[in-house]
Each structure stands twice: as structure tokens, then as C-alpha cells.
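So that the names make sense, note that chain A is the first sequence line, chain B the second, and so on, each numbered from 1.
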Amino acid sequence: MTDLLLHDSAARTKRRFVPIDPTHVRMYVCGPTVYDLAHLGNARPVVVFDVLARLLRRLYPKVTYVRNITDVDDKINARSRESGEPIAIITARTTADFHRDMAALGALPPDVEPRATGHIAEMIALIERLIANGHAYAADGHVLFSVPSFAEYGRLSGRSPDELVAGARVDVAPYKRDAGDFVLWKPSDADTPGWDSPWGRGRPGWHIECSAMSWKHLGEEFDIHGGGHDLIFPHHENEVAQSVCAFPGHAFAQYWMHNGMLLVDGEKMSKSLGNFRTVRDILSEGAWAGEAFRLLLLRTHYRAALDFTIDGLREAKAELDDHYAMLSRAPATQGGPLAGQLAEWVIAPLLDDLNTPLALGRLRDLRTLENTVTVGGSPAVVLERTGLSEPPAPGVAAAAFREAASILGIGAGDPAAWRQGGEDATMIEAAIAARLAARASRNFGEADRIRDELKTQGILLEDGPGGTTWRRA
RNA sequence: GGUCCGGUGGCCGAGUGGUCAGGCAAGGGUCUGCAAAACCCUCUACAGCGGUUCGAUUCCGCUCCGGACCUCCA
């Protein structure tokens with residue numbers, strides 16, 4: 001098997017992936033804080049790490065993918081105060097919305113989806129360990145992590161503690177021993193969610209929930225930790241500090257992977273700029289939009305910044321139109337060894353730090369290859385790129401396409417549903433029959449009129465040697 | 001200001017020290033009653049300035065431009 005290379009943010013370079021336990025790969029990805037609908041930026045890590053999970057499952061016998069739901073957070077509390085809606089209702093609804101949206105993007109559910117509120121006991125246990133190990137202290141109802149107690153602090157994000165203090169731009173709370181110390185536990189008043197703890201009724205700080213949930217479900221040490229690039233500091237830096245100090249001798253995550261940020265029309269997405277888009281907004285474009293957005297995300301390498309535009313979404317839709325057109329024409333076959341070989345050729349770039357754009361390019365070559373043998377044309381160019389000496393039998397390249405595309409999570413839909421779903425086939429078939437009759441009597445004016453009328457309804461006709469077929473625009 | 005990541009042809013987007021990415025758009029062609037689809041051809045770029053080298057888009061330095069982060073919050 002070819003090596004899998006992954007870019008490790010901690011090492012700042014690509015590293016050969018060597019799992020702690022080759023029979024069981026473990027991955028943790030930071031999930032959403034459930035206080036509002038998922039926006040486009042939230043979708044990127046979900047799709048990226050969904051592809052990684054699919055790839056890992058192909059390479060290793062067992063994979064446990066954990067992605068949490070953070071359902072205790074001051075943003076949620078603030079939202080509840082504004083709207084008057086109970087916190088439990090907000091988090092339950094937002095979680096359900098998140099599930100629906102991510103499913104529409106073709107993201108498979110993680111193996112475990114722990115909730116922060118279900119792991120308060122683990123958080124308290126972690127904090128107690130940190131205090132016992134001399135890495136945390138209680139002060140004024142809070143418990144704080146002592147940054148100077150951890151010599152490695154700043155290693156992940158590439159910062160020195162001196163820089164961090166120099167960069168501190170907020171007033172330092174008086175109960176902190178050091179300006180860099182961060183909160184593990186904080187007191188809650190009567191109107192704020194809280195749990196009994198050795199330090200009084202309170203709630204967790206921002207970072208401890210991920211340390212607790214990864215520990216509970218993956219152990220003191222696991223293979224891959226993922227999330228958005230903006231989480232490197234302070235969130236992931238603090239997670240490392242908490243987990244390594246709670247379990248000395250364990251390295252926590254072996255590989256850190258961070259996806260780049262998503263921009264909209266060249267600018268950071270923000271409500272004040274008016275370019276804020278939710279996944280739900282995109283899905284409302286049509287039944288095709290979820291898969292098209294997924295493809296759009298994968299057309300840019302996961303570590304690069306991605307500029308979302310509506311034109312880009314349309315182009316992704318057009319690409320899927322072409323893919324599904326090929327799949328609808330190709331005969332169904334089992335594929336065989338040649339298909340497996342071609343699928344490997346497409347998937348190979350994914351082994352190089354998830355090079356999805358290159359894999360997608362090769363997928364297009366498979367499409368062209370299939371088209372040349374099922375529709376007609378010269379396969380010379382794609383034969384050269386794929387390294388084949390002669391064209392495969394009809395259906396073979398399509399079978400390879402399906403196999404490779406399944407790792408990317410695209411092209412798995414029913415081609416007929418993609419092309420014709422939601423339309424009144426009976427009416428359209430009748431119109432096609434009428435047009436065929438007109439053509440047979442060489443009444444081309446009438447034939448073209450029927451075709452144009454269908455076009456205004458978003459229905460495109462395609463005359464082929466096997467008859468006339470139709471699809472939605 | 002600090003740390004980090006990028007700047008590839010009209011647009012998107014791979015990659016490499018020295019004969020090809022690919023897609024979209026555009027133009028041309030095969031096919032077609034005409035289209036569409038499919039296939040073929042054309043379109044030769046690597047921000048700027050230096051340096052290393054026989055040779056740099058690819059390595060090094062600087063400049064310019066864009067983006068992320070710089071603590072209790074998103």
C-alpha cells in the first residue's frame with residue numbers, strides 16, 4: 001500500500017501517517033457550538049474530514065471518527081437571554097438542523113457524536129487531575145490553567161509565551177496568576193446553566209470539553225485531531241495543554257490537521273458585511289445544491305483559502321450534470337481488476353495530503369474515457385494520461401468512477417433522479433412524442449416550437465441515436 | 001507590530017529545476033434537419049525585483065498584494 005501523507009500543523013510539514021494502532025485509527029474533529037444554523041464556513045471541516053474518514057476506512061480495518069456537539073457555551077446562553085427560548089430547545093433544534101444540513105452535503109455521520117453536557121463529570125475529573133498535577137488552580141470561584149506550568153505551551157501554534165503576553169489585548173482578570181492563564185471552570189449565577197462541582201456551582205470553560213470528550217471516546221492518545229484553522233489558537237493550543245498535563249507521558253493527538261478558511265466573494269464572511277450565508281441558504285437553490293456545494297468545497301485543496309461565489313456553485317453543478325449524464329449512459333458492470341486499477345489512479349492523489357482537486361481532475365478523465373467508448377470519440381488523450389494501451393469495455397471506466405467518487409462522496413445519487421427528478425415525466429414524454437411525429441413529417445418548425453416550449457419550462461431535449469432523452473436544466 | 005499561509009493564463013485550480021495538468025468560458029471542427037450532448041483541435045500562464053544554476057514558474061532573499069491567528073470569544 002502506498003503511504004498516506006498528511007500535513008501536520010504541529011510539524012508544519014507533511015508527514016507519513018503511521019497510526020498508533022494500525023488495526024484501529026482514531027480521529028477527533030471539533031464540531032459545532034449549537035446556537036445557530038450552520039454557515040458555509042462550518043461546512044468545510046465537516047466535508048473535508050468526511051473525505052478523510054472515508055479514505056481512512058478504505059485503508060484501515062477500523063476507524064473511529066468522533067465529532068462533538070458543544071451544547072454548553074456562553075453564546076448559547078446569550079442567545080437564550082435574547083430570545084427567551086429555553087437553552088435545551090435551542091440546542092436540540094440547532095443540533096437537528098445541523099444534522100439535516102450536513103446530511104444534505106453528503107457527509108456521513110461520525111461514529112460517535114458526544115455532547116458536552118453529557119461529559120461534565122469527565123471535565124471535572126480532568127480539572128481535578130490538572131490541579132493535582134500542579135497545572136491548575138482555583139481562584140475566586142474559577143479554576144484556571146497555569147500556562148507557565150507547561151513548558152511546551154505555544155508549540156502547536158508556533159508562539160512563545162512571551163509573545164502571547166505581549167499580544168494580550170484584553171484586561172487581565174485579577175484572579176489570574178499569569179496573564180496567559182485560561183479558564184477551565186467558571187461560576188454560574190442562578191440564571192445561568194451550572195453543575196455542582198468541587199468549586200461550587202459552575203460551568204466549563206471553552207476548551208475543556210474537547211479534552212474531556214476525546215479522552216472519553218478515544219483515550220489519552222489518538223491519531224488525528226482536526227478542525228478549522230482559526231481554532232489552532234487558542235482552542236487547540238489549550239486542548240493540548242490540558243490533555244498532556246492531565247496525562248503526562250501521553251502526546252495527545254499525533255497529527256493536527258486544519259482546514260483553511262472560507263471567504264465569500266473575496267471577503268471574510270460576516271453579518272456586518274452582508275455576505276453571511278448559511279448552508280440552508282445554499283440548499284434552497286435546488287435539490288442539486290447540497291452535492292454541488294460539496295463538490296465546490298473539494299475543488300479547492302483543504303488547506304487553502306476558499307472563495308465561495310455563486311458562479312463557482314453553478315460551475316460545480318454543471319460538472320455534476322456531466323458526471324451524471326455519463327453515469328446514466330454507461331452500462332452497469334461489475335468493473336473487474338481494470339476498474340479497480342483506474343479507481344486507484346484517481347484516489348492516489350488523496351494519499352498525498354488529500355489532494356482532492358487533482359483527484360477530481362482524474363475523475364473527469366474517467367468520465368471522458370467512458371464517454372469515448374459509450375458515446376463515441378477518440379480516447380487517445382485520456383488513454384495517454386491514464387496509462388492504458390487500449391480503451392476499456394463500456395461500463396468499466398464508469399465502474400471505476402463510481403468507486404473513486406464514493407471516497408469523495410459525490411456521484412452516488414441516482415442519475416435519473418439527478419437529471420429528471422421532480423418533473424412530470426408523463427407530460428414531457430407526450431411532448432417528445434408529439435415532436436417526434438412532427439419531425440417524422442419533416443415539420444421542423446413545429447418540432448422546434450415544442451422543444452423551445454419545453455426549454456422555457458427548464459427541460460432540455462437531447463436527440464441521440466437511441467432516441468430523444470430529456471433532463472432538467 | 002508579531003507569527004503563519006498564499007499569490008499560476010478571462011475565471012477556477014493541480015504540479016514540476018529542463019518535452020502536457022485538468023475544468024469552465026471563448027473560437028474552430030466531427031456529428032445533427034437544426035440544436036443539444038459527446039468527442040477532437042486552438043487559447044502556453046506561473047505577482048515584481050534580485051540571487052543560485054548550463055537552465056527557475058519550481059530553490060534563496062527582498063518588495064508588493066491577499067488571507068488566518070495574536071486568550072476566556074465568534
Side-chain angles (χ1 to χ4, degrees), chain A residues 7 9 12 33 35-36 39 41-42 73-75 78 142 144-145 147 154 157-160 162-173 176 179-184 186 205-207 228-238 258 260-263 266-271 296 299-301 303-307 309 311-312 314-316 318-319 321-322 325-326 329 349 352 355-365 367-382 384-385 439 442-445 447-448 451-452 455 460-465 468-471:
Chain A
H7 181 93
S9 303
R12 287 161 189 69
T33 299
Y35 71 103
D36 206 348
H39 63 241
N42 297 136
D73 183 278
D74 285 351
K75 288 188 294 293
H142 296 67
L144 293 114
F145 184 91
V147 166
S157 56
R159 294 155 209 276
S160 73
D162 292 346
E163 289 169 14
L164 296 174
V165 173
R169 59 182 178 184
V170 183
D171 293 340
V172 178
K176 284 189 182 182
D181 294 351
F182 58 90
V183 171
L184 299 170
K186 52 191 167 186
W206 175 25
H207 318 291
H229 192 260
D230 56 339
L231 294 179
I232 291 180
F233 190 89
H235 185 53
H236 289 160
E237 190 72 56
N238 291 356
H258 293 97
M261 295 295 97
L262 183 143
L263 309 174
E267 293 181 298
K268 185 176 178 176
M269 188 166 54
S270 76
K271 284 175 179 166
L296 170 66
R299 278 158 59 111
T300 298
H301 184 83
R303 283 192 287 117
L306 164 58
D307 187 14
T309 62
D311 283 348
R314 298 258 157 73
E315 196 177 309
E319 179 170 352
D321 284 343
D322 292 345
M326 178 275 288
R329 285 187 296 253
D352 182 11
N355 191 341
T356 53
L358 185 55
L360 287 167
R362 292 185 175 188
L363 209 49
R364 290 182 204 112
D365 273 345
R367 182 184 76 203
T368 300
L369 194 56
E370 183 63 47
N371 282 337
T372 60
V373 294
T374 53
V375 182
S378 166
V381 174
V382 279
E384 187 180 338
R385 277 202 294 272
R439 289 179 71 200
R442 302 196 63 80
N443 185 354
F444 296 120
D448 290 348
R451 186 171 63 197
D452 291 344
K455 191 177 179 182
L460 302 178
L461 299 189
E462 296 169 358
D463 296 329
T468 299
T469 57
W470 63 276
R471 66 181 177 94

Taking [atom1] from [X] and [atom2] from [N], how many angstroms apart are they, rounded to a whole number?
X: A/L263; N: B/G66; atom1: CG; atom2: C1'; result: 9 Å
X: A/R362; N: B/A21; atom1: CZ; atom2: P; result: 15 Å
X: A/D74; N: B/A74; atom1: CG; atom2: C1'; result: 12 Å
X: A/F233; N: B/C4; atom1: CZ; atom2: C1'; result: 14 Å
X: A/R367; N: B/G23; atom1: CZ; atom2: P; result: 8 Å
X: A/R12; N: B/U3; atom1: CZ; atom2: C1'; result: 9 Å
X: A/D322; N: B/G22; atom1: CG; atom2: C1'; result: 14 Å
X: A/R471; N: B/A37; atom1: CZ; atom2: P; result: 7 Å

[N] pairs with which nucleotide, Watson-Crick or G-U wobble, both distances below 3.5 Å?
N: B/G10; result: B/C24
N: B/U53; result: none
N: B/A38; result: B/U30
N: B/C4; result: B/G67

Distance between [atom1] atoms of [N] and [M] (Å, rounded):
N: B/U44; M: B/U57; atom1: C1'; answer: 12 Å
N: B/C11; M: B/U3; atom1: P; answer: 32 Å
N: B/A56; M: B/C46; atom1: P; answer: 14 Å
N: B/C49; M: B/C39; atom1: C1'; answer: 46 Å
N: B/G48; M: B/G7; atom1: C1'; answer: 11 Å
N: B/C59; M: B/C70; atom1: P; answer: 30 Å
N: B/G15; M: B/C43; atom1: P; answer: 24 Å

Is a donor-acceptor contact shorter than 3.5 angstrom present between the side chain of [X] and the base of [N]?
X: A/D311; N: B/C11; result: no
X: A/R451; N: B/A36; result: no
X: A/D365; N: B/G22; result: no

Query raised in the report: So, do A/L460 and A/K455 sit near enough that their side-chain heavy atoms are less than 4.5 Å apart?
Result: yes
Report task. Using a 4.5 Å cut-off on heavy atoms from C-beta on, say whether the side chain of A/R439 contacts that of A/R451. Result -> no
Return no unless some side-chain N or O of [X] is found under 4.0 Å from OP1 or OP2 of [N].
X: A/N355; N: B/G15; result: yes
X: A/T372; N: B/C39; result: no
X: A/S157; N: B/U3; result: no
X: A/R385; N: B/G22; result: yes

Query raised in the report: What nucleic acid atoms does A/R439 come within less than 4.0 Å of, heavy atoms only: base, sugar-phosphate, or nothing?
Result: base
Report summary line: Rounded to the nearest 0.5 Å, the OG1 atom of A/T300 sits from the CG atom of A/L306 at a distance of 4.5 Å
Requested in this report: Determine whether more than 12 heavy atoms belonging to other residues, nucleotides or ligands lie under 6.0 Å from atom CZ of A/R442.
Outcome: no
Report summary line: By nearest-nucleotide position on RNA chain B, the 5'-leaning member of A/R299 and A/A380 is A/R299
Requested in this report: Nearest-nucleotide wise, let me know which of A/E319 and A/D307 is further upstream toward the 5' end of RNA chain B.
Outcome: A/D307
Query - salt bridge (charged side-chain N to carboxylate O under 4.0 Å, His left out) between A/E370 and A/R329, intermediate numbers included - result: CA-CA 9 Å; A/E370 183 63 47; A/R329 285 187 296 253; over 6 Å; no
Requested in this report: Output yes when a side-chain donor or acceptor of A/D352 lies under 3.5 Å from a complementary backbone atom of A/P349, and no otherwise.
Outcome: no
